[in-house]
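Order of listing sets the numbers, starting from 1, for every ligand and every atom in it. This structure is a prediction, so every number in the text was calculated from the model and none was measured. Starting from 1, each residue takes its place in the sequence as its number.
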Amino acid sequence: MQLPVYLDNNATTPVDPRVLDEMLPYFTQNFGNAASRTHIFGWIAEEAVEHARQQLASLINAHPKEIVFTSGATESINLALKGVYEMYASKGNHIITCATEHKAVLDTCKHLEKSGAEVTYLPVKFDGRIDLAELEKSIRSSTILIAIMYANNEIGVVQPIKEIAAFARQHNVLFFCDAAQAVGKIPVDVIEDDISLLSLSAHKIYGPKGVGALYVRRKNPRVRLTAQMDGGGHENNMRSGTLNVPGIVGFGKACEICMQEMNAESIRLKNLRDKLEKSLVELNNVYVNGSIEFRLPHVTNLSFNKIAANRLMMSFNKNIAVSSGSACTSALVEPSYVLKALGLSDERANASLRFGLGRFTTEEQIDYAIKEISKNVQKLHSELSSL
Ligand SMILES: *Cc1c(COP(=O)(O)O)cnc(C)c1O
């Protein structure tokens, strides 16, 4: 069995060997610049990029011309939010987002507030989903954009995307969706889901780090953006800079594999996730954080009553790689803002761990994790109760 057991696939995933194989020739013999129009080196690179664009578009049911390649979801989010804010300034300055969004969304919104934007940060219910009635109350005549993620990176909770999209359309407001955790894991369809802009990232779906994309709807309505990177006018003037051809080729292949294997993979991982979750919840005082019904199949976020996540991780740290949402800033442990937004106490938030299973997780590894974690939880609980 492979040790340590990697259960932090929400943070990043390993590159699938099939993806790497596709990429390798584009570092060496096929090294051309996709923008070189005068020779075969450029044409080969351009053809590879256009093939990848098609692979991405297929996975989310978009048109290839609606895909803008970037350096990752963070850049795509910046381009979407800042690009829309600047382009639609004459229409209004109000953006609606949510308290549990990724920092890339929240910090970009904070940045825009400094340049005059008004931002509503919707709260979430105890299950981690927004309240549609709250969304309705927050809409203004100056609202230009609703930015709500598809699935949360810490708790895996899936938002009511179709309902949000219908509301946005009814009010003639654009809908941006950060789908970095959802694409390739559950069906995402920009037409069915009626999304105006959508961000995705290669390294969350077994592709390389440092490459991402933004879907920008071309019709009904056509979404326009102010570019955030000026230069040679690449990517239809929306994102200048020489394209990362090997990265893009890998991203395309990663999408193709997800398209073929997502259904079977999500069933396999859901079974393993449920086995892990069920075994751990059977221990005393272990709870699932966030909606059980509306969430990604490979994720569970558990709180281990009163046992500090850092202590628990230390007890098996070398053999099991998981994450606690909390960030240690100097000596202080800051509880996860996502778990706090669900209404969890600091103590319970600090006693929480995120488990993210992935393509290369085996049943043997899950059995090992169950045994190892159960043993340590029981030990730490009995130490606590003997205090
Ligand atoms: C990972 C992630 C991002 C950032 O993606 P990068 O490609 O690493 O910049 C943004 N949003 C969510 C929900 C994520 O999980």
Handout entry: Residue list, salt bridge (Lys or Arg N to Asp or Glu O under 4.0 Å) with Asp346, at least two apart or on another chain
Key = Lys340
Exercise for the section: Would you verify whether the NZ or CZ of Lys253 falls within 45 degrees of the ring axis of Tyr206 while also being under 6.0 Å from that six-membered ring's centre? Expected result: no
Exercise for the section: Establish, for the pair Lys103 and Tyr337, whether the NZ or CZ atom is under 6.0 angstrom from the six-membered ring centre and no further than 45 degrees off its axis. Expected result: yes
Between ligand 1 and the protein, tabulate every N or O atom pair separated by less than 3.5 Å, reporting distance only.
residue  : atom   : partner : partner atom : Å
ligand 1 : 7 (O)  : Ala73   : N            : 2.9
ligand 1 : 7 (O)  : Ser201  : OG           : 2.7
ligand 1 : 8 (O)  : His203  : NE2          : 2.8
ligand 1 : 9 (O)  : Thr74   : N            : 2.9
ligand 1 : 9 (O)  : Thr74   : OG1          : 2.6
ligand 1 : 11 (N) : Asp178  : OD1          : 3.4
ligand 1 : 11 (N) : Asp178  : OD2          : 2.7
ligand 1 : 15 (O) : Gln181  : NE2          : 2.7
ligand 1 : 15 (O) : Lys204  : NZ           : 2.7

Problem - Under 4.5 Å side-chain linkage, directly or through intermediates, the cluster mates of Leu20 - result: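 Members alongside Leu20: Val15, Val19, Met23, Leu24, Phe27, Ile257.
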Handout entry: Contacts of His51 that satisfy side-chain hydrogen bond (donor to acceptor under 3.5 Å, both in side chains) - sequence neighbours left out
Key =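 Residues passing side-chain hydrogen bond (donor to acceptor under 3.5 Å, both in side chains) with His51: Gln55.
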Exercise for the section: Please work out which of the three classes, parallel, tilted or perpendicular, describes the rings of His39 and Phe41, given edges at 30° and 60°. Expected result: perpendicular
